Amino acid sequence: MESAAKGGFVLANLAEVVERVLGFLPTKALLRAACVCRLWRECARRTLRTRQRIAWVSALEPGPAESHALVRALARELEKVHVLPQTVLYIADAETFSGHEECHEQKKARKRNSKETALALEKLLPKRCQVLGLVTPGIVVTPMGSSSNQPQEIEEGEAGFALLFPKIDGVKIHTFHFSKDMKNRVFDESKFAQAGLKNNPDLRVVLLFGYNSWKTGATRFLHQIVNPLNEKSIILAGGQVESFTSLTSENNHAQPGDACGVVGLAFSGPQIQSATVLLDQDVADERTAEAAMQRLKAANIPEHNTIGFMFACVGRGYRHYKTKRNMEADAFRKFFPNVPLFGFFGHGEIGCDRIVTGNFVLRECNDIKDDLLHGYTTVMTLIHLGSTKANQA
């Protein structure tokens, strides 16, 4: 009894010991522990501030028709993660997310729809979390467990991932949404400043995703968004998706509609470094794919606390390379063995060869603005979010 009393005294009074113990808890358990007493609450807050590395949840295996594999994976893995998500980007395959796939045994549509699936995902996440959700024809995903796991190009079937961005010192991530006004052919560029995409000296990376690209005027509208942002000091990357399914933040609860538009994530902060390379139609075998990755490697972006994105045309993948699947993801892993890779196969790509580092060593795009928009290509992107002491803890 006496030893138990001494143990209770230590856990109730010695912050160093409490913090050490709480450091082993996943975030959900840590938040529950914070309710015990004032000391534990303060220790939990300090512990959360040190957890500044990106986490992710991957779903690669199909399951019951009632829910998408990403919903089940997120529900399970959020009990284990060691970050408190402030921003979440999830991407899932369009066919099964929306319930359009036929079950081969019963020959009937899956009993789910995109709105219900998106709502189920959003309910799993913290209330104040920004959520951007997309559905695309194919998925590029790194399996959970290690950033060095082999990324997979999943061009058919049920798959998805969710990137969990915690609060990171010196980095601001925010969502944005521009919807085409059917009554006005001219885009009001003051909306860029309102979205933090203009008059923002710390803006480094903008990921853009056009949706409903088949609509009349969609391509022209995308030009109206991309061209004013085409500055040497900003990385632009992304592509055309089937649709967006979630876009929530404290100030924005947009719902997918019938109009066309652009959604995205903006990354601001002086410590951010980034680079992109374009794999054009001439990149058609292992040798040329690896040569493109060598160009990306030459940007010398730090690989610690870095994430990779791959935005590819649905016409690439095994249809393009013919002799081998997973060609571009394999080439990326060869040159970046410890950087997780995520992305999608879509209906058009945004990007070019460009580097933005702390020293502003830049590679300019072609002067023709339209060269940021492509088809039948792949855009590979690296985003380094800095190396603070907290990140290294």
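FYI, side chains are in, hydrogens and waters are out, and symmetry mates aren't considered; it's all heavy atoms of this structure. A quick note: this is a predicted structure, and the numbers were derived from the prediction, not measured. Just so you know, residue 1 is the first one in the sequence shown, and it goes up from there.
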Check whether Thr288 reaches the backbone of Asp285 with its side chain - one donor and one acceptor, N or O, closer than 3.5 Å. yes
Value rounded to 0.5 Å, distance of CG in Leu89 from CD1 in Ile173: 10.0 Å
Rounded to the nearest 0.5 Å, what separates atom OG1 in Thr381 from atom CG in Leu296? 8.0 Å
Tell me yes or no: between the side chains of Arg333 and Asn326, is some donor less than 3.5 Å from an acceptor? no
Using the ring centroid of each side chain, check whether Phe342 and Phe309 are separated by less than 6.0 Å. no
Quick check: closest heavy atoms across Leu208 and Leu236, and the distance to 0.1 Å? CD1-CD2, 3.8 Å
Hey, are the side chains of Phe335 and Gln294 touching, using non-hydrogen atoms and a 4.5 Å cut-off? yes
I want to know whether Phe209 and Phe244 have ring centres closer than 6.0 Å. no
Could you go through the side-chain hydrogen bond (donor to acceptor under 3.5 Å, both in side chains) check for Glu122 and Ser246 one step at a time? CA-CA 8 Å; Glu122 293 168 16; Ser246 295; 2.5 Å; yes
Give the C-alpha distance, both sets of side-chain angles, the deciding distance and a yes or no for side-chain hydrogen bond (donor to acceptor under 3.5 Å, both in side chains) between Ser147 and Asn338. CA-CA 5 Å; Ser147 59; Asn338 297 305; 5.0 Å; no
With a 3.5 Å distance limit and no angle check, can you tell me whether Trp56 reaches the backbone of Val141 through a side-chain donor-acceptor pair? no
Give a yes or no on whether the backbone of Ser268 and the side-chain of Asp202 come within a donor-acceptor separation of less than 3.5 Å. no
Is the side chain of Asn212 donor-acceptor paired with the backbone N or O of Lys215 at a distance under 3.5 Å, no angle test? no
Phe345 and its side-chain contact (heavy atoms from CB on, under 4.5 Å) partner, picked from Ile139, Val140, Thr378: Val140
Report yes or no: do Val36 and Leu30 belong to one cluster of Ile/Leu/Val/Met/Phe/Trp/Tyr joined by side chain heavy-atom distances under 4.5 Å? yes
Is a side-chain donor or acceptor of Gln152 paired with a backbone partner of Gln150 at a separation under 3.5 angstrom? yes
Side chains of Phe344 and Met310, heavy atoms from C-beta outward: is any pair under 4.5 Å? no
Decide yes or no for Thr306 and Leu385: does some side-chain heavy atom of the first lie under 4.5 Å from some side-chain heavy atom of the second? no
Considering all heavy atoms of both residues, which atom of Met293 and which atom of Leu279 are nearest to each other, and what is their separation? CE-CD2, 4.0 Å
Which pair of heavy atoms, one from Gly217 and one from Lys180, lies closest together, and at what distance? O-CE, 3.7 Å
Evaluate Ile355 against Thr276 for side-chain contact (heavy atoms from CB on, under 4.5 Å), listing each step before the verdict. CA-CA 7 Å; Ile355 303 170; Thr276 54; over 6 Å; no
Quick one: does Val263's side chain get under 4.5 Å of Leu134's, heavy atoms only? yes
Can you tell me if Tyr211 and His177 form a side-chain donor-acceptor pair at under 3.5 Å? yes
Between Val339 and Ile307, which heavy-atom pair has the shortest distance, and what is it? CG1-C, 3.9 Å
His384 side, atom NE2; Gln273 side, atom CD - distance, nearest 0.5 Å: 5.5 Å
Show your working on side-chain contact (heavy atoms from CB on, under 4.5 Å) between Leu132 and Thr248 and close with a plain yes or no. CA-CA 7 Å; Leu132 174 58; Thr248 65; over 6 Å; no
CZ of Arg53 to OG1 of Thr50: how many Å apart, nearest 0.5 Å? 10.0 Å
With the threshold set at 4.0 Å, does a side-chain nitrogen-carboxylate oxygen contact exist between Glu153 and Arg325? no
With the side chain counted from C-beta on, respond yes when Cys129 and Pro85 share a heavy-atom pair under 4.5 Å apart, and no when they do not. yes
Should the heavy atoms of other residues, nucleotides or ligands under 6.0 Å from NZ of Lys334 be counted, would the total exceed 12? no
If you apply the rule side-chain hydrogen bond (donor to acceptor under 3.5 Å, both in side chains), what do you find for Gln52 with Asn305, and how did you get there? CA-CA 9 Å; Gln52 298 191 17; Asn305 203 32; over 6 Å; no
Between the CZ atom in Arg45 and the CD atom in Glu42, the distance rounded to the nearest 0.5 Å is 5.0 Å
Test item: His374 and Asp280 side chains (from C-beta on) under 4.5 Å apart, heavy atoms: no
Looking at Thr96, is its backbone amide N or carbonyl O close enough to the side chain of Glu158 to form a donor-acceptor pair, meaning the two atoms are under 3.5 Å apart? no
Test side-chain contact (heavy atoms from CB on, under 4.5 Å) on Cys35 and Arg41; report intermediate values, then the result. CA-CA 6 Å; Cys35 299; Arg41 182 168 63 249; over 6 Å; no
Contact between Ile272 and Ile383 at the side-chain level, heavy atoms closer than 4.5 Å - yes or no? yes
So do Val205 and Ile234 actually touch side chain to side chain, heavy atoms under 4.5 Å? no
Please tell me whether Tyr90 and Phe161 form a close aromatic pair, meaning their ring centres lie under 6.0 Å apart. no
Closest non-hydrogen contact found for Pro270 with Gly170 is CD-O, 4.0 Å
Applying side-chain hydrogen bond (donor to acceptor under 3.5 Å, both in side chains) to Tyr321 and Glu286, what does each step give before you reach the verdict? CA-CA 8 Å; Tyr321 289 100; Glu286 187 172 5; over 6 Å; no
Relative to the ring of Phe178, is the ring of Phe192 parallel (under 30°), tilted (30 to 60°) or perpendicular (over 60°)? perpendicular
How close do Arg72 and Glu61 get, counting heavy atoms only, and between which atoms? NH2-O, 3.9 Å
Distance from Lys191 atom NZ to Phe176 atom CZ, nearest 0.5 Å? 13.5 Å
What I want to find out is whether Lys198 reaches Glu189 closely enough, with some N-O distance under 4.0 Å, to be called a salt bridge. no
Count the heavy atoms belonging to other residues, nucleotides or ligands that lie under 6.0 Å from CZ of Arg46, then report whether that count exceeds 12. yes
Donor-acceptor pair, side chain of Ser274 and main chain of Leu382, under 3.5 angstrom: yes
Cationic N near anionic O, under 4.0 Å, Arg295 to Asp353: yes
Is there a side-chain contact (heavy atoms from CB on, under 4.5 Å) between Phe267 and Arg204 once you walk through the steps? CA-CA 6 Å; Phe267 296 77; Arg204 295 291 182 270; 5.6 Å; no
Is it true that a side-chain atom of Ser213 and a backbone atom of Gln240 form a donor plus acceptor pair closer than 3.5 Å? no
Within 45° of the axis and under 6.0 Å from the centre of the six-membered ring of Phe336, does NZ or CZ of Lys297 qualify? yes
Is a side-chain donor or acceptor of Asp371 paired with a backbone partner of Cys352 at a separation under 3.5 angstrom? no
Between Glu242 and Thr136, do the side chains contain an N or O donor and an N or O acceptor separated by less than 3.5 Å? no
